[in-house]
Amino acid sequence: MEYDFKSIEPKWRKYWVENKTYQVTEDDSKPKFYVLNMFPYPSGAGLHVGHPLGYIASDIYARYKRQCGYNVLNPMGYDAYGLPAEQYAIQTGQHPAITTEANINRYREQLDKIGFCFDWDREVRTCEPGYYHWTQWAFQQMFNSYYNNHTCKAEPIAELISKFETSGTEGINAACGEELSFTAEEWNGYSEKEKSDVLMNYRIAYQGETMVNWCQGLGTVLANDEVVDGVSERGGFPVEQKKMTQWCLRVSAYSQRLLDGLNSIDWSESIKETQKNWIGRSEGTEMQFKVKDSDVEFTIFTTRADTIFGVTFMVLAPESELVETLTTDEQRAEVDAYLAAVKKRTERERIADRRVTGVFSGSYAINPLTKEAVPVWISDYVLAGYGTGAIMAVPAHDSRDYAFAKHFGLEIRPLIEGCDVSEESFDAKEGIMVNSPREEQMYDGCLVLNGLTVKEAIAKTKEYVKANNLGRIKVNYRLRDAIFSRQRYWGEPFPVYYKNGIPCMVPESCLPLELPEIKEYKPTETGEPPLGHATKWAFDIKTNTVVEKSLIDNETVFPLELNTMPGFAGSSAYYLRYMDPKNNTCLVSEKADNYWKSVDLYLGGSEHATGHLIYSRFWNKFLHDIGHSVVEEPFNKLINQGMIQGRSNFVYRIKDTNTFVSLGLKDKYDTTPLHVDVNIVSNDILDLDAFRAWRPEYADAQFELEDGKYICGWAVEKMSKSMFNVVNPDTIIEKYGADTLRIYEMFLGPLEQSKPWDTNGIDGCHRFIRKMWNLFFDNRNGELIVTDETPSKDELKSIHKVIKKVSEDVENFSYNTSVSAFMICVNELTSLKSHNKQVLDILVRLAAPFMPHIAEELWHTLGHNDSVCNSEWPVCNEEYLKEDSITYSISFNGKTRFTMDFPAEATAQEIQDAVLSNEKAIAYIDGKAIRKVIVVPKKIVNVVI
RNA sequence: GCUCGAAUGGUGGAAUGGUAGACACGAGGGACUUAAAAUCCCUUGGCCAUAACCGGCUGUGCGGGUUCGAGUCCCGCUUCGAGCACCA
């Protein structure tokens with residue numbers, strides 16, 4: 001039989017489907033293992049060879065674990081809501097559901113050809129009501145919860161309400177937008193609307209008026225991680241800051257837990273670092289400053305409390321509420337003009353143009369320590385969203401304050417011994433404090449920092465501030481609450497209706513609240529989100545049904561929310577849904593949750609570090625708090641597979657001609673490099689006929705060849721259609737088969753590294769598979785040549801070596817070296833002319849995770865009737881690896897001089913004695929004293945003279 | 001600016017502190033063949049030596065250090081990549 005992958009591969013894929021080989025159920029008799037890939041957004045372009053990289057890697061691991069006796073969950077699904085389908089709908093009128101469905105089918109078709117062991121019965125699609133039911137449900141749970149800082153977890157909002165009813169805000173420490181203070185009487189006197197507004201300040205899913213990233217080009221707001229360099233991540237449209245009422249998730253309440261959780265999970269340092277940066281914890285001090293000639297007081301945040309004696313002015317963010325209060329009448333006009341100018345600038349302009357701007361408010365603030373009055377300025381270099389939106393400026397020791405002071409001619413007071421602030425500020429947190437305070441500023445009980453190091457000074461100031469009631473120790477986080485509304489159609493509708501302006505939850509029994517049909521996908525003429533077009537989009541609380549909008553009477557029929565949820569809503573808990581995908585009574589049954597617990601191995605791109613991977617962790621912690629996910633961290637081990645880049649090919653056209661010169665000759669002419677489709681180039685050699693047929697203008701192209709070949713140039717670029725470097729997995733499978741594609745993708749290099757796709761080299765992997773095949777079948781006549789004798793020592797050694805290497809490598813995700821180990825083994829067995837059944841049986845079991853199709857075929861060839869997927873992972877017997885004799889390198893002072901053979905069991909002492917009595921050794925030693933003899937097991941004897 | 005990675009032949013890349021360059025590609029040579037394809041074998045870091053074999057020197061971005069021994073560990077740089085960035 002010949003190796004005909006075109007018949008073998010489909011045959012076994014059919015077999016796996018028919019035998020439900022990959023179906024998995026909870027089984028208490030086996031340990032569980034949960035392998036997961038970040039599910040894809042099914043784009044219209046289909047899969048390119050980069051996409052399956054992670055899927056192949058996890059598939060190998062899943063199959064390996066299964067052969068090791070684990071009950072492995074390895075599901076796949078689709079992140080089906082998203083902008084491209086909606087943009088396409090706006091342009092063509094095509095319903096996004098139809099486009100999405102078509103794309104999913106195309107994805108599935110491509111995925112199916114690669115031979116993954118996904119349990120497709122567990123597939124989820126975020127856009128299906130049965131799935132987004134639980135996205136909406138989770139949102140409602142967040143709405144009905146608040147974060148208790150005492151217990152450090154989410155708790156029912158009803159408990160908070162009852163506390164308000166009995167004792168007001170007394171003793172409450174909850175995560176909130178604004179610190180509120182009221183008594184039980186006050187609370188009980190509030191109107192329904194007032195109560196709703198107060199509770200919004202505490203709910204985990206809340207509606208708030210916040211500065212948002214508004215993207216006019218996309219007609220929607222975006223989350224921070226969706227904005228890159230002031231433009232939208234998708235589409236590259238400019239983004240501006242706008243104050244809008246939006247649904248938000250109080251992710252910031254979980255900042256500390258999100259940070260702490262990183263210590264308990266097995267993720268790469270770089271991605272943990274990225275998340276730490278994003279959370280941005282900074283420990284500092286909040287201090288109160290009184291306004292001169294006024295009883296107004298305001299708070300600033302600083303991490304450099306030690307520089308309090310160097311404060312020469314204060315700065316407010318333009319958006320700060322204090323601006324209004326502190327602006328004096330004389331300065332009013334100037335301040336208003338400044339505020340108007342700032343408002344006009346987009347985020348992008350602010351980043352691009354960092355000119356120093358600002359305006360004096362007219363007020364002065366009193367330094368709580370020196371009692372000195374310093375001017376209060378307003379400038380956009382202070383951000384409203386961080387800290388308190390107000391700072392104390394210390395130009396000597398902060399570069400931004402320095403630039404501001406220089407620009408406006410404000411005083412700069414150095415506080416560190418010997419520092420030079422004539423050209424730039426001294427920002428480093430090191431040195432000895434001086435002028436803190438200066439002699440004339442001293443008074444009884446005054447804080448004195450002079451002579452201390454910066455670190456000591458920070459600590460001492462903190463204590464002083466606390467003891468004298470001037471402020472408090474405060475931890476700030478950069479992490480913002482997530483904005484959860486999008487003004488789009490193709491997303492989960494909010495299960496919310498508005499009862500006279502008060503947002504109310506649709507009863508749980510009415511979920512899922514299905515996305516209505518609309519005629520147009522654009523915003524309405526009045527600027528409402530696309531759902532404004534829906535006619536049947538009102539809620540009748542009497543019948544608990546969705547009814548026509550025309551019936552709204554604001555007594556029993558109310559308008560429904562018009563925003564939809566963002567992309568990350570559906571992808572935040574999908575791993576839980578895979579555990580129990582068809583359950584329509586809850587997100588995941590307790591039984592399934594307790595069995596599968598959390599994802600043991602998660603694979604995906606590192607680009608999700610500050611988006612999905614933060615939101616998911618937040619979401620899961622919340623569900624954990626309310627008792628719906630047993631493990632707090634959802635992804636125990638994370639592997640970030642690298643990106644596959646494109647390798648573009650170039651041809652060189654002589655200017656103004658239709659003649660193309662080969663790479664080596666191009667410098668002789670004035671040439672223009674042109675991208676050429678990589679699919680008509682093989683090992684950098686151009687297929688001339690295919691090139692002529694590629695485009696009409698090349699039909700009569702002339703060539704100047706090197707050795708009869710046209711050699712193309714190449715470069716590594718992003719894989720994209722416009723560079724003609726997209727390689728489709730289908731093409732590779734057609735030519736080489738899925739098994740070759742699988743091992744070649746693994747052989748390309750370390751999994752976590754980004755690397756260019758280079759079709760050169762795939763021949764080597766294909767050759768290897770054929771060689772393996774030839775261990776079973778005669779190359780010439782195709783006859784089965786497997787023999788049934790006792791394996792020889794060499795055969796056993798070769799096969800046990802590969803068991804050891806591959807087992808270690810698979811655990812370390814070092815798949816490129818496992819493939820090499822297979823190649824070595826097959827080469828050894830080939831040169832041993834080994835066709836031994838027992839040896840090949842082991843080889844097939846080892847190969848099964850990597851190349852399942854050929855392994856299944858060979859497994860059946862060897863006479864087995866079940867699937868190789870159910871075979872046992874072979875165990876290495878170290879006995880077979882032992883050598884009879886070992887060659888040692890004999891070194892003198894670290895330089896190898898000669899080699900000697902010893903029996904494998906020779907002791908270090910015996911080796912040492914034999915070496916030292918060897919005449920070559922005696923010559924090297926030459927009577928000199930020996931200081932040391934080092935015998936490294938199996939390798940080296942080093943004599944130190 | 002801060003933080004984290006990385007740097008090895010013509011190429012992708014191997015090397016628990018122990019013979020650097022496994023494995024593969026590419027290149028060169030050979031066998032088989034009318035020829036091609038396929039397959040198989042040999043050579044392949046650089047320099048030197050030699051009729052040939054044996055051999056010698058050098059070599060993992062740069063400069064130091066620890067060690068009998070360093071691609072690997074430590075200190076100081078250079079370059080590239082990634083993340084954060086008026087975050088007080």
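If you're wondering where the values come from, they're calculated on a predicted model, not measured in any experiment. Residue numbers start from 1 in every chain, and the chains themselves are labelled A, B, ... in the order their sequence lines are given, proteins ahead of strands.
- We find that CE of A/Met392 is positioned 21 Å from P of B/rC86, with the value rounded to whole Å.
- Spacing between B/rG9 and B/rG65 at atom P, rounded to whole Å, works out to 25 Å.
- Separation of the C1' atoms belonging to B/rU78 and B/rG63 is 11 Å when rounded to the nearest angstrom.
- Comparing B/rG10 with B/rG5, their C1' atoms sit 27 Å apart, to the nearest whole Å.
- A/Ile824 comes within 4.0 angstrom of the backbone, heavy atoms only, and of no base.
- Within 4.0 Å (heavy atoms only), A/Asn816 reaches sugar-phosphate atoms of the nucleic acid but no base atom.
- For the pair A/Gln753 and A/Glu273, both in contact range of RNA chain B, the more 5′-proximal nearest nucleotide belongs to A/Glu273.
- Glycosidic conformation at B/rG61 (O4'-C1'-N9-C4 for purines, O4'-C1'-N1-C2 for pyrimidines): anti, more than 90° from 0.
- Residue A/Asn760 has its side chain nearest to B/rC25 when only B/rC25, B/rA88, B/rC23 are considered.
- Checking B/rU34 for Watson-Crick or G-U wobble geometry (two distances, each under 3.5 Å) identifies no partner in any strand.
- A/Tyr736 places its OH atom 12 Å from the C1' atom of B/rC25, with the value rounded to the nearest Å.
- Within 4.0 Å of A/Asp758, counting heavy atoms only, lies no atom of the nucleic acid at all.
- The base-pairing partner of B/rA88, taking Watson-Crick or G-U wobble contacts with both distances under 3.5 Å, does not exist among the strands shown.
- Remark: the separation of the C1' atoms in B/rA37 and B/rG46 is 37 Å, to the nearest Å.
- Annotation: B/rU58 and B/rC53 have their P atoms spaced 23 Å apart (nearest Å).
- Nucleic acid contact class of A/Thr303 (heavy atoms, under 4.0 Å, all strands): sugar-phosphate only.
- Nucleic acid contact for A/Lys771: sugar-phosphate only, since backbone atoms but no base atoms lie under 4.0 Å from a heavy atom of the residue.
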Take A/Glu828 and A/Lys797 through the salt bridge (Lys or Arg N to Asp or Glu O under 4.0 Å) test and state the conclusion after the steps. CA-CA 10 Å; A/Glu828 282 173 357; A/Lys797 191 172 156 191; over 6 Å; no
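- To the nearest angstrom, P of B/rG5 lies 12 Å from NZ of A/Lys272.
- Taking only side-chain atoms of A/Lys939, from C-beta outward, the nucleotide of B/rA88, B/rG18, B/rC68 with the closest atom is B/rG18.
- Note on A/Asn476: nothing from the nucleic acid sits closer than 4.0 angstrom, heavy atoms only.
- B/rU44: Watson-Crick or G-U partner is B/rG26, with both key distances under 3.5 Å.
- Heavy atoms of A/Ile391 sit under 4.0 angstrom from at least one base atom.
- Looking only at atom types and distance, the side chain of A/Asp763 has a donor-acceptor partner in the side chain of A/Tyr736 under 3.5 Å away.
- The interatomic distance linking A/Trp757 (CH2) with B/rA24 (C1') rounds to 14 Å, in whole Å.
- Rounded to whole angstrom, the span from the NZ atom of A/Lys932 across to the P atom of B/rC68 amounts to 4 Å.
- Judged by closest nucleotide on RNA chain B, A/Val819 is the one of A/Thr274 and A/Val819 placed further toward the 5' end.
- Applying the Watson-Crick and G-U wobble criteria (two distances, each under 3.5 Å), B/rU72 pairs with nothing in any strand.
- Two rings, from A/Phe777 and A/Tyr3, have their centers 6.0 Å or more apart.
- Distance, A/Leu383 CG to B/rC84 P: 16 Å, rounded to whole Å.
- The distance from atom CD1 of A/Ile940 to atom P of B/rG17 is 15 Å, rounded to the nearest whole Å.
- Comparing the P positions of B/rG13 and B/rA7 gives an interatomic distance of 10 Å, to the nearest angstrom.
- With distances taken from any side-chain atom of A/Arg478 to the nucleotides B/rA14, B/rG18, B/rA85, the minimum falls on B/rA85.
- Note: A/Tyr477 and A/Trp278 fail the aromatic proximity criterion, with ring centroids not under 6.0 Å apart.
- In this structure, A/Arg767 forms no cation-pi arrangement with A/Trp773, as its terminal cationic atom is not both closer than 6.0 Å to the ring centre and no more than 45° off the ring axis.
- The nearest whole Å value for the distance from the NZ atom in A/Lys805 to the C1' atom in B/rA14 is 8 Å.
- Between A/Lys6 and A/Asp4, none of the side-chain N atoms (NZ, or NE/NH1/NH2) sits under 4.0 Å from a carboxylate O, so this pair counts as no salt bridge.
- B/rU60 makes up no base pair with any nucleotide shown, lacking Watson-Crick or G-U wobble contacts both under 3.5 Å.
- When both pairing distances are held under 3.5 Å, B/rG5 makes a Watson-Crick or G-U pair with B/rC80.
- For A/Lys804, the NZ atom sits in a loose shell: 12 or fewer heavy atoms of surrounding residues, nucleotides or ligands are nearer than 6.0 Å.
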